[in-house]
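Every value quoted in this text rests on a predicted model; they were computed, and no experiment measured them.
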Amino acid sequence: MTELIIKPAQVQDADAISALVNRAYRGESSRAGWTTEADLLDGKRTTTGDVLALLNRHDAVILTGWVAETLMVTLCAEWHADEQVAHLGMIAVEPTAQNRGYGKKMILAAEQLSVERWGARASQMAVVSVRQTLIAFYQRLGYQATGELKPFPYLPEMWQAKVENMQLITLQKNLIV
C-alpha cells in the first residue's frame with residue numbers, strides 16, 4: 001500500500017476537500033463506506049466557501065491526507081483557547097478507501113498538531129448521537145462522552161434531516177497526561 005502523506009491544506013485544495021466531505025457522508029456515493037449519513041440526512045455537509053473560510057482562520061487548520069496525487073482523508077482542527085481544547089471536525093475518508101487506517105492516522109496527527117501548535121490539553125468532537133458505530137470507533141481511539149448533548153443544527157439551506165430528534169454528543173480525549 002502506498003504511504004499516506006499528511007499535510008496542511010492549501011487554498012487550491014478547497015474544492016477537493018468540500019467534494020470529499022460531501023462524498024464521504026451524503027448521497028449514494030457515501031454508501032460505499034461505513035461513515036454514510038445517507039439514511040439520516042439529505043443535502044450537503046459543507047461547501048467550498050465553508051472550507052475557504054476555515055482556511056483563512058488563524059485558529060483552525062485543515063489537514064489533508066494524500067496517496068500519490070489523490071486526496072483520501074481530511075480533518076479540520078479548530079482551537080478553542082478559552083477551554084484549551086482542539087475541536088476536530090470534517091473528518092472524512094474517501095468511501096472506497098475506508099477501513100485502511102487513514103481516519104485513525106489523521107486523528108492522531110491532528111491531536112499531535114494540536115498539542116504542538118496550541119498546547120491543547122484535550123481534543124473534542126461532536127458526533128450525531130444515532131451514529132453508534134462511529135461513536136464506538138472514536139471510543140477505541142480514547143474518546144469518551146462528556147455528557148454534553150446539543151440539538152442537531154437546523155440548516156435547511158444545507159441539509160434536511162430524514163429522522164427526528166437527532167442530537168450531537170460531545171466526545172473528548174485528554175491529550176496531556
Under 3.5 Å, side chain of [X] to main-chain N/O of [Y], donor-acceptor pair present?
X: Thr35; Y: Ala24; value: yes
X: Lys173; Y: Leu141; value: yes
X: Ser18; Y: Ala14; value: no
X: Gln98; Y: Trp34; value: yes
X: Arg26; Y: Lys44; value: yes
X: Ser129; Y: Gln167; value: yes

*Flag yes if more than 12 heavy atoms outside Lys162 fall under 6.0 Å of its NZ atom; otherwise flag no.*
yes

Can you tell me how far the [atom1] atom of [X] sits from the [atom2] atom of [Y], to the nearest 0.5 Å?
X: Ser114; Y: His80; atom1: OG; atom2: NE2; result: 10.5 Å
X: Gln124; Y: His87; atom1: CD; atom2: NE2; result: 7.5 Å
X: Leu171; Y: Leu88; atom1: CG; atom2: CG; result: 10.5 Å
X: Leu175; Y: Trp118; atom1: CG; atom2: CH2; result: 11.5 Å
X: Met166; Y: Leu149; atom1: CE; atom2: CG; result: 13.5 Å
X: Leu20; Y: Thr74; atom1: CG; atom2: OG1; result: 6.5 Å

*Worked check of side-chain contact (heavy atoms from CB on, under 4.5 Å) between Val85 and Arg121*: CA-CA 6 Å; Val85 170; Arg121 64 169 184 77; 3.9 Å; yes

Identify the two heavy atoms, one from [X] and one from [Y], that lie closest to each other, and give their separation to 0.1 Å.
X: Ala9; Y: Ile17; answer: CB-CD1, 3.6 Å
X: Pro153; Y: Leu168; answer: CD-CD1, 3.7 Å
X: Ala120; Y: Val115; answer: O-CG2, 3.6 Å

*Given the rule that I, L, V, M, F, W and Y join up when any side-chain heavy atoms are under 4.5 Å apart, are Leu108 and Val61 in one cluster?*
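Cluster IDs for Leu108 and Val61 differ.
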
*asked:* Is there a path of hydrophobic side-chain contacts, each under 4.5 Å between heavy atoms, that joins Met106 and Trp79?
replied: yes

Heavy-atom side-chain contact between [X] and [Y] under 4.5 Å:
X: Glu94; Y: Thr70; result: no
X: Met125; Y: Ile135; result: no
X: Asp13; Y: Trp66; result: yes
X: Thr64; Y: Val73; result: no
X: Phe137; Y: Ile107; result: yes
X: Met72; Y: Val93; result: no

*With sequence neighbours excluded, give me every salt bridge (charged side-chain N to carboxylate O under 4.0 Å, His left out) pair touching residues 45-64.*
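The answer is Glu37-Arg45, Arg57-Asp59, Arg57-Glu78.
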
_Using the rule side chain to side chain contact (heavy atoms under 4.5 Å, CB included), only one of Ile62, Ile91, Leu113 pairs with Leu75; which is it?_
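Filter result, single survivor: Ile91.
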
*Working for side-chain contact (heavy atoms from CB on, under 4.5 Å), residues Arg131 and Ile169*: CA-CA 10 Å; Arg131 305 284 318 277; Ile169 182 171; over 6 Å; no

*On the 0 to 90° scale, with breaks at 30° and 60°, tag the Tyr143-Tyr138 ring pair as parallel, tilted or perpendicular.*
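Perpendicular.
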
